[in-house]
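These notes concern the structure reproduced below.
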Amino acid sequence: MAPLSETGISRRTFIQTSLAGTALAALPTPLRAKLPATARDLARLDATAQAALVRAGDVTASDLAEAAIARIEALNPALNAIASKGFEAGRALARSGPPAGVFNGVPFLIKDLIEFPPLPHMAGSRLMASNVGSFASPYGARVKEAGLVVLGTTTTPEFGLLPTTEPLLTGATRNPWDTDRIAGGSSGGAAAAVASGMVPIAHASDGGGSIRFPAACCGVFGLKPSRGRNVEARPEPSPIGVENCFSRSVRDSATFLHQTQQRGPDAPLTPLPLITAPGTRKLRIGVAVASYTGSLPDTDTADAVKATAELCRAMGHEVEEVAWPFDGPAFVDHFLTLWGLGAAAIAARARAALGPDADLSTVLEPWTLGLAAEYGPRGEAGAAAAFENFRKVAEAMAGFFEDYDLLLTPAQSEPAPAIGHMAPTVAFDILHERVMTFAAYTPWQNAAGTPAMSVPLYQSTGGLPIGIQFSAAMGREDTLLEMAYALEDALPWADRWPAHSAVTL
């Protein structure tokens with residue numbers, strides 16, 4: 001679409017000349033009546049463009065908030081992406097005037113895995129159904145400094161432990177492209193909200209693929225930063241989890257990452273400049289279609305990776321097939337050990353809170369309890385072995401990135417599966433196998449601490465988004481973002497909207 005962010009176009013002219021008068025006018029009247037024209041039209045703008053309208057005085061923060069609230073109310077009944085609403089607090093902030101930051105006045109949502117007082121903090125679990133956030137994190141402070149207007153929280157699987165968002169607490173979050181399909185996890189609500197146009201940008205986090213799965217499922221851009229890149233979002237920092245966002249444009253994610261990165265002499269990574277354009281350097285790109293355990297993706301996904309490799313060659317990059325430099329099956333076992341020990345710690349806290357005779361199945365899901373039972377007995381020795389394995393994986397991949405600038409792979413083994421395929425109530429052994437098959441390309445970056453992104457370049461023969469993953473060396477989000485800008489220019493996706501979206505209602 002035209003770069004409205006720099007035009008200074010008036011609100012009246014914008015509404016009169018928008019696509020609402022062309023493509024949207026062809027929709028049946030009952031559908032067009034569900035949303036005011038302004039709410040539909042603003043949904044087409046990314047966060048950068050919406051903030052520019054506020055700075056120019058063409059719209060107010062309240063205009064943006066009310067339009068976003070209207071979109072949420074219209075879309076959420078079908079998608080179930082919102083865990084809790086903070087509309088009144090958001091309206092009050094918009095009226096009083098949010099800070100004049102990079103996203104001044106832009107509507108935003110927080111994933112329900114971090115605390116953002118005074119919003120509820122349920123972590124997708126019945127155990128925490130009545131919990132309200134109390135930890136005002138440095139990350140939350142950066143969100144406020146950016147001028148973002150938080151309107152609520154988005155759904156997540158219980159404690160972020162699955163690559164699908166179907167918690168017993170809030171029910172299944174559905175994919176805007178096909179509501180019988182998953183939105184991914186654990187940031188599924190955030191991805192569905194951005195893909196459908198509820199908001200232009202939303203918080204997400206990633207401890208094993210939780211940004212990249214939903215980005216791939218829902219057809220949005222999702223970048224997982226390096227470990228240590230961001231200011232802290234949690235009272236107890238995660239050894240493998242990181243924070244960022246979903247967006248429909250690369251520039252929004254680049255700007256958000258620049259806003260939330262650590263700065264100053266104590267920053268563990270050299271702060272990045274704001275990345276604003278494609279790179280000019282010709283890159284060395286390794287490509288692997290098979291996963292590190294040897295499994296293969298479905299045909300559509302494999303074809304999309306191969307097409308991406310050819311696109312990169314056409315851009316002038318050097319692309320070649322590569323082998324994984326670490327023991328994949330051993331890594332999976334160690335990663336699951338750490339995942340399961342986390343579940344065991346959750347179960348132990350629940351037991352301590354509820355008493356020794358409490359039935360934990362009333363507050364924790366079968367998948368959480370199954371992980372705890374399967375891997376909890378490995379204890380501290382298992383954790384030590386896992387971190388030693390992670391060190392070896394990080395070392396192996398650091399060697400890989402001495403020879404290559406990027407690694408190109410699928411983001412997941414197939415486009416979004418059906419709701420229920422990986423639900424937390426599926427028998428543990430069956431669910432275990434399904435999760436490992438689906439999530440066969442992402443957890444290693446969390447172990448190594450390196451950045452990666454899912455880019456929504458292609459669609460399946462059934463019309464579902466296919467996310468293409470690029471990974472880079474520690475601290476090289478700049479290389480990823482420069483490549484993302486180039487891909488965005490080559491195969492634009494911003495005007496690709498799902499059936500359940502603000503521009504089709």
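These numbers were taken from a predicted model, which means no experiment stands behind them.
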Requested in this report: Take Arg378 and Asp333 through the salt bridge (charged side-chain N to carboxylate O under 4.0 Å, His left out) test and state the conclusion after the steps.
Outcome: CA-CA 11 Å; Arg378 297 189 181 185; Asp333 185 65; 3.0 Å; yes
Pro176 and side chain to side chain contact (heavy atoms under 4.5 Å, CB included): which single residue from Leu75, Leu79, Val220 fits?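 Between Pro176 and the candidates, side chain to side chain contact (heavy atoms under 4.5 Å, CB included) is satisfied uniquely by Leu79.
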Donor-acceptor contact present, side-chain [X] to main-chain [Y], <3.5 Å:
X	Y	result
Glu243	His203	no
Thr156	Leu113	no
Arg142	Gln261	yes
Asp206	Gly241	no
Asp180	Ala418	no
Asn244	Pro225	no
Ser187	Ala190	no

Practice task
Report the residue from Lys224, Gln412, Arg212 that forms a side-chain hydrogen bond (donor to acceptor under 3.5 Å, both in side chains) with Gln469.
Solution key: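 Of all the options given, the one that passes is Arg212.
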For this session: Report yes if the distance between the aromatic ring centroids of Phe221 and Phe246 is under 6.0 Å, otherwise no.
Result: no
Within the 6.0 Å centroid threshold, strictly below: Phe103 and Phe108:
no
Practice task
Test the Arg248-Trp497 pair against the cation-pi criterion, namely NZ or CZ under 6.0 angstrom from the six-membered ring centroid and within 45° of the ring axis.
Solution key: yes
- Item | More than 12 heavy atoms of other groups within 6.0 Å of Glu388 CD |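 More than 12 within 6.0 Å, yes.
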Next on the checklist: Quick check: closest heavy atoms across Ser247 and Ser253, and the distance to 0.1 Å?
Outcome noted: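 So the two residues come closest at OG-OG, 2.7 Å.
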Tyr292 and Asp327: CA distance, side-chain angles, deciding distance, side chain to side chain contact (heavy atoms under 4.5 Å, CB included) verdict:
CA-CA 7 Å; Tyr292 44 72; Asp327 184 336; over 6 Å; no
